[in-house]
Amino acid sequence: MKFAVCGSIATDHLMTYQGRFAESLVPEELHKISVSFLVDDLQVRRGGIAANVCFGMAKLGHRPLLVGAVGEDFASYRSWLERHGVVCEHVLVSEVRHTARFIVTTDEDMAQIASFYSGAMSEARNIELGPILDSVGGLDLVMISPDDPQAMLRHSEECRTRRLPFAADPSQQLNVMDGASIRRLVDGATYLVTNDYEAHLTERKTGWDAEEIQRRVRTRVITRGKDGCSVYSAGAEPVHVGAVTDVPRVDPTGVGDGFRAGFLSGLAWGLCHERSAQVGAVMASYVLETVGTQEYDMTRDDVLGRLRRTYGEEAAAEIEPHLGHDR
Ligand SMILES: Nc1ncnc2c1ncn2[C@@H]1O[C@H](COP(=O)(O)OP(=O)(O)OP(=O)(O)O)[C@@H](O)[C@H]1O
Ligand SMILES: [Mg+2]
């Protein structure tokens with residue numbers, strides 16, 4: 001099956017300052033503030049939700065299409081993704097803006113000064129799915145993840161018009177979108193994926209209760225952190241899947257993306273919702289135990305071990321034939 005993942009593509013620049021910002025700030029002089037901190041550590045991490053999801057799917061052997069907008073500085077990130085099996089040929093490269101970037105400096109009190117440059121991401125609204133669809137000969141599912149809000153609405157509109165199944169993944173963009181936009185984004189989706197906090201926010205902002213949402217989307221997936229996730233489909237019993245809890249909790253950034261990568265992978269293999277969510281939870285566990293969102297690696301045996309330990313022999317046996325061989 002062919003899946004496209006639309007959404008943000010970004011890098012995080014994380015710096016640490018061995019001192020306290022507070023000591024350099026003079027409250028009476030804040031109107032002419034000009035400070036510079038000499039930092040002694042810089043980590044550059046590849047991220048962006050769509051890129052993280054594609055990376056995870058590629059790790060499981062899929063060839064997902066990444067759809068988003070970047071700058072000319074994308075070259076080395078592109079080769080990293082392509083090396084892992086992500087199809088980047090439909091990524092739009094801006095002629096004037098850089099790839100989105102999150103820059104944060106953390107001091108020894110864990111106080112942070114951060115900036116987010118959305119950059120080329122705003123050009124994602126110029127992406128049309130039609131030509132992509134034509135060039136690959138059809139798509140089985142389009143995931144619409146956090147991106148330029150206008151791009152998200154355009155993609156969902158286009159999916160409805162072209163009768164393309166889509167998964168709405170509004171995540172943090174729920175904060176900036178109004179009720180009408182959220183209703184447009186999710187209406188008619190085959191899947192709506194949120195965490196539990198975002199599920200409540202979706203209901204509050206759209207004015208649609210859980211029942212109304214269920215009428216508008218075929219399947220609703222709600223993730224609940226260490227408590228796993230639930231999958232609700234109209235006319236079927238809810239499915240609850242526990243999390244993989246016997247891994248060290250090192251850095252939770254991107255666990256949601258890891259879950260989505262595994263869940264979509266299961267769907268692409270033709271597995272049921274329960275099995276797909278189990279693959280999602282296993283992928284999330286790899287993200288959780290590593291620093292960064294695309295730094296994990298796994299072996300076939302280890303994936304099977306986690307499935308067996310958490311969900312039993314039957315689950316592992318059903319998923320096993322789909323797992324590729326270690327590279
Ligand atoms: N502490 C944890 N231990 C084990 N698994 C976890 C933990 N937190 C999250 N997960 C796994 O990741 C999945 C998604 O987690 P969560 O509901 O926290 O998503 P999220 O809030 O969207 O995360 P993100 O911070 O990436 O946006 C869960 O369903 C679970 O499988
Ligand atoms: Mg999330």
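Because only heavy atoms are used, hydrogens play no part in the values below, and waters and symmetry mates are left out as well, while side chains stay in. Note that ligands are numbered from 1 as they come in the structure, with each ligand's atoms numbered from 1 the same way.
- Given atom 3 (N) of ligand 1, the protein heavy atom at minimum distance is Leu288 CD2, 3.4 Å.
- In this comparison of Ala284, Ser171, Gly225, Pro146, the heavy atom closest to atom 30 (C) of ligand 1 sits on Gly225.
- Note that the CZ atom of Arg300 and the CD atom of Glu320 stand 5.0 Å from one another [nearest 0.5 Å].
- Heavy-atom distances between Ser285 and ligand 1 stay at or above 4.0 Å for every pair.
- Listed by number with element, the atoms of ligand 1 under 4.0 Å from a non-hydrogen atom of Arg249 are 1 (N).
- Under the 30°/60° scheme for interplanar angles, the aromatic rings of Tyr286 and Tyr296 are found to lie parallel.
- Distance check for atom 27 (O) of ligand 1: every protein heavy atom is found at 4.0 Å or beyond.
- Contact annotation for Val244 and ligand 1: only backbone heavy atoms (N, CA, C, O) come within less than 4.0 Å of the ligand.
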Task: Test salt bridge (charged side-chain N to carboxylate O under 4.0 Å, His left out) applied to Glu203 and Arg220, step by step - done: CA-CA 12 Å; Glu203 289 166 23; Arg220 190 170 184 198; 2.9 Å; yes
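- Using the six-membered ring where Trp is involved, Phe259 and Phe263 have ring planes that are parallel, under 30° apart on the 30 and 60° scheme.
- At a heavy-atom cutoff of 4.0 Å, ligand 1 is contacted by both the backbone and the side chain of Ala281.
- Every atom of ligand 1 is numbered from 1 in the order shown, and the set under 4.0 Å from a heavy atom of Ala243 is 4 (C), 5 (N), 30 (C), 31 (O).
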TODO: Tell me, with the steps shown, if Asp169 and Ser171 meet side-chain hydrogen bond (donor to acceptor under 3.5 Å, both in side chains).
DONE: CA-CA 6 Å; Asp169 169 26; Ser171 298; 2.8 Å; yes
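- Ring pair Trp80/Phe55 is parallel by interplanar angle, where below 30° counts as parallel and above 60° as perpendicular.
- Taking distance alone, with nitrogen or oxygen atoms compared against 3.5 Å, Asp257 stays at or beyond that limit from ligand 1.
- Polar contact check, Gly256 against ligand 1: a nitrogen or oxygen pair lies under 3.5 Å apart.
- Heavy-atom proximity to Arg224, at under 4.0 Å, picks out these atoms of ligand 1: 17 (O).
- Taking only nitrogen or oxygen atoms, main chain and side chain alike, Asn195 reaches within less than 3.5 Å of ligand 1.
- The shortest N or O to N or O distance between Phe259 and ligand 1 is not under 3.5 Å.
- For Tyr232 and His273, the gap between ring centers reaches or exceeds 6.0 Å.
- For ligand 1, the polar-atom distance check against Gly228 finds a nitrogen or oxygen pair separated by under 3.5 Å.
- Nearest protein heavy-atom neighbour of atom 19 (O) of ligand 1: Thr223 OG1, 3.5 Å.
- Both Leu65 and Phe166 belong to a common hydrophobic cluster when Ile, Leu, Val, Met, Phe, Trp and Tyr are linked at side-chain heavy-atom distances under 4.5 angstrom.
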Open item on the list: Is there a side-chain hydrogen bond (donor to acceptor under 3.5 Å, both in side chains) between Ser285 and Arg306? Walk through the geometry before answering.
Closed with: CA-CA 9 Å; Ser285 72; Arg306 288 179 195 212; 3.0 Å; yes
Open item on the list: Show, in sequence, the C-alpha distance, side-chain angles and deciding distance for Tyr77 and Gln294, and conclude whether the side-chain hydrogen bond (donor to acceptor under 3.5 Å, both in side chains) test is met.
Closed with: CA-CA 11 Å; Tyr77 193 175; Gln294 294 180 29; 2.8 Å; yes
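- Considering CD of Gln278 and CG of Leu307, their distance stands at 7.0 Å, rounded to 0.5 Å.
- Of all the heavy atoms of Gln172, none lies under 4.0 Å from any atom of ligand 1, so neither backbone nor side chain is involved.
- Remark: ligand 1 atoms within the under-4.0 Å shell around heavy atoms of Gly254 are 26 (O).
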